[in-house]
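Quick caveat, the model's predicted, so the values are computed rather than measured. We count ligands from 1, going down the list as the structure has it; atoms in each ligand are counted the same way. Side chains are part of it too, since the values below use all heavy atoms of this structure and drop only hydrogens, waters and symmetry mates.
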Amino acid sequence: MSRLIVVSNRVAPITEGEPTAGGLAAGVMDALRQKGGRWFGWSGNVVPDMVTPPLPVVEQRSGPISLYTTDLNQRDYDAYYKGFSNATLWPVFHYQTDLAHFDWAEFEGYRRVNRHFADSLQALMAPQDVVWVHDYHLLCLAEALRAQGARNRIGLFLHIPFPAPAVLMNIPAHAELMAAMCHYDLIGFQTESDRLAFADYVLREMGGEALPGGVLAVGGHAIRTGVYPIGVHVDMLRQEAAAAADSAQVQALRASLGGRALIMSVDRLDYSKGLPQRFTAYERFLADNPGWHRKVEFTQIAVPSRSDVHAYQEIRRELEGEAGRINGRFAELDWTPLRYLNRSFARRDLMPLYAAAQVGLVTPLRDGMNLVAKEFVAAQDPADPGVLVLSRFAGAARELDAALLINPHDEAGTAAALERALSMRLEERRERHAAMMAVMRHNSLERWRDRFECDLRNPASLEHGASAA
Ligand SMILES: O=P(O)(O)OC[C@H]1O[C@H](O[C@H]2O[C@H](CO)[C@@H](O)[C@H](O)[C@H]2O)[C@H](O)[C@@H](O)[C@@H]1O
Ligand SMILES: O=c1ccn([C@@H]2O[C@H](COP(=O)(O)OP(=O)(O)O)[C@@H](O)[C@H]2O)c(=O)[nH]1
């Protein structure tokens, strides 16, 4: 069979046990570990501008995975990653247009890096290989590969939300971007709302036509669209949680809690994750529920992310102030209500921490999926599970509707959900947990990978539409 070539901006660290920054790398690594394949992306290194493309591609092997990485020079990094990807596409696709800026030179840099990726890929691809591209950094990659003559089947999976057309059109280059995306054979989304938003633009703004089964005909191309919610390896995560249940780290946590209930959150330090709103909702919970003082602690792990982008520096400053203010208001000599950690953990070390928590608090303002929500559920002991409090604006909420769903802008509602979660009877906790586990077992990571790969490889399913979500 032809090989699978995976392309993404971020690749997972190949060394076992290193922290994986972000759900894309964690998900793709887990998905490739079983079947193997080639994975191409940015090394994470930035080199001076005097080093000009084509930059060398370095190969590393890890079991069945061949990892190929390349550096970016400073100019390309600034325009492509820091600029158009993370200061234009990321905020607009997460509906935070107030935080977005746009610069045609950065857009040109973004297209240039997509072309460099295409150049490097040519050496790794045979004509019969299928190419699976990931995420918003590479919306123009299929167009660049086609311009070089590639006839391979090329699919894109978008890990983040796709915005409504009126929001997308805030980007002055929206027409160029959408025209480039139409060079993919298959585009996968996390939720049906994301898919519908994309189709809406194609139909209304590009004069496209909707054919049965999620196929869109536009400008002589037929693009298949489908919904492929990314999942997790439930059993592997449960094992990770159980294996380290008595680790020194967990023992230290338990000792410091001294029997108090634990509310736990883990995020990249990103404005889309709703951390300021979460902190004030916890403050409201403490103010409304003096009976819970000294009986509960909230631990927020916030991993620094994209720290050279202005909006990320701002949110970091804001949160440091908020954490200090809330502790200043409620702390006692023997009780710190909020612990705020700015560091990353290896995922296998996070799993027993989730397991030790009574409540997982996951409240993004918008999120493509949010794998932390799924990992929290997988880590729980089915006999005595903790409760997930989840934003309705996370892609995960479409599947995990047995969580306590909240609106992160509703401080009082989130505070009330926290109280409800902490007080929930065992029977209800078990029922909710079992319902979420059943969905997660069905929509597993294997299913995500297999359905996308099968739909990408199989043009025949064009007539029948993408496989059922
Ligand atoms: O690569 P970085 O700039 O350091 O950012 C980390 C990743 O963040 C985003 O993750 C998304 O993918 C997850 C898995 O599908 C999903 O659960 C989450 O909701 C998304 O935000 C980003 O999309 C990745 O490209 C980044 O690597
Ligand atoms: O210190 C950390 C914090 C997070 N993660 C992992 O990073 C991923 C975050 O993915 P998610 O989909 O929740 O959000 P993203 O960061 O991709 O937007 C999850 O697999 C986490 O377990 C990690 O390995 N170490």
Chemist: Heavy-atom distances under 4.0 Å decide this one: backbone, side chain, both or neither, for Asp267 against ligand 2?
Modeler: neither

Chemist: Ignoring hydrogens, just give me the one of His137, Arg10, His159 whose non-hydrogen atom is nearest atom 20 (C) of ligand 1.
Modeler: His159

Chemist: Near Arg238 CZ, under 6.0 Å, is it more than 12 heavy atoms from other residues, nucleotides or ligands?
Modeler: yes

Chemist: Against heavy atoms of Tyr81, which atoms of ligand 1 measure under 4.0 Å?
Modeler: 2 (P), 3 (O), 4 (O)

Chemist: From the options Lys374, Met369, Arg306, His134, select the one whose nearest heavy atom is closest to atom 26 (C) of ligand 1.
Modeler: Arg306

Chemist: Between the candidates Lys273, Arg10, Met369, which shows the shortest non-hydrogen contact distance to atom 15 (P) of ligand 2?
Modeler: Lys273

Chemist: Can you list the atoms of ligand 2 that are under 4.0 Å from a heavy atom of Ser344?
Modeler: 1 (O)

Chemist: Ignoring hydrogens and geometry, is there a side-chain-to-backbone donor-acceptor pair from Asp76 to Val113 under 3.5 Å?
Modeler: no

Chemist: State whether the shortest distance between N or O atoms of Glu375 and N or O atoms of ligand 2 falls below 3.5 angstrom.
Modeler: yes

Chemist: With heavy-atom distances below 4.0 Å as the criterion, list the atoms of ligand 2 near Arg268.
Modeler: 15 (P), 16 (O), 18 (O)

Chemist: If you measure from each non-hydrogen atom of Trp90 to ligand 1, which part falls under 4.0 Å: side chain, backbone, both or neither?
Modeler: side chain

Chemist: Which word best sums up how the rings of Phe189 and Phe198 line up, parallel for under 30°, tilted for 30 to 60°, or perpendicular for over 60°?
Modeler: tilted

Chemist: Taking side-chain hydrogen bond (donor to acceptor under 3.5 Å, both in side chains) as the criterion, tell me which of Arg447, Glu446, His442, Arg441 meets it with Ser444.
Modeler: Glu446

Chemist: Under 4.0 Å from a heavy atom of Arg347: which atoms of ligand 2 are those, numbered in the order shown and with their elements?
Modeler: 22 (O), 24 (O)

Chemist: With atoms numbered from 1 as shown, which atoms in ligand 1 lie under 4.0 angstrom from a non-hydrogen atom of Leu371?
Modeler: 14 (C), 17 (O)

Chemist: Counting each atom of ligand 2 from 1 as listed, which ones have a heavy atom of Val266 under 4.0 Å away?
Modeler: 3 (C), 4 (C)

Chemist: Tell me whether Arg316 forms a cation-pi arrangement with Tyr312, defined as NZ or CZ under 6.0 Å from the six-membered ring centre and within 45 degrees of its axis.
Modeler: no

Chemist: Using a 4.0 Å heavy-atom cut-off, say whether Ile230 meets ligand 1 through its side chain, its backbone, both or neither.
Modeler: side chain

Chemist: One residue to check: Asn370. Relative to ligand 2, which of side chain, backbone, both or neither has a non-hydrogen atom less than 4.0 Å away?
Modeler: both

Chemist: Which one of Tyr354, Phe376, Phe345 has a non-hydrogen atom at the shortest distance from atom 1 (O) of ligand 2?
Modeler: Phe345

Chemist: Please confirm whether Ile301 comes within less than 3.5 Å of ligand 2 when only nitrogen or oxygen atoms on both sides are compared.
Modeler: no

Chemist: So Tyr81 and Trp42, would you call those rings parallel, tilted or perpendicular, with 30° and 60° as cut-offs?
Modeler: tilted

Chemist: Testing Glu240, Met236, Gln239 for side-chain contact (heavy atoms from CB on, under 4.5 Å) with Met351, which one passes?
Modeler: Glu240

Chemist: Could you tell me, atom by atom, which parts of ligand 1 come under 4.0 Å of a heavy atom of Ile160?
Modeler: 23 (O)

Chemist: Going by the angle between their ring planes, with limits at 30° and 60°, are Tyr110 and Phe107 parallel, tilted or perpendicular?
Modeler: parallel

Chemist: Give the numbers and elements of all ligand 1 atoms closer than 4.0 Å to a heavy atom of Gly368.
Modeler: 19 (O)

Chemist: Hey, which atoms in ligand 2 end up nearer than 4.0 Å to a heavy atom of Val303?
Modeler: 1 (O), 2 (C), 3 (C)

Chemist: Is Asp381 reaching over with its side chain to a backbone N or O of Gly386, donor-acceptor style, under 3.5 angstrom?
Modeler: no

Chemist: Any nitrogen or oxygen of Tyr136 lying under 3.5 Å from a nitrogen or oxygen in ligand 1? Just yes or no.
Modeler: no

Chemist: In this structure, are over 12 heavy atoms from other groups packed under 6.0 Å from Arg398 atom CZ?
Modeler: no

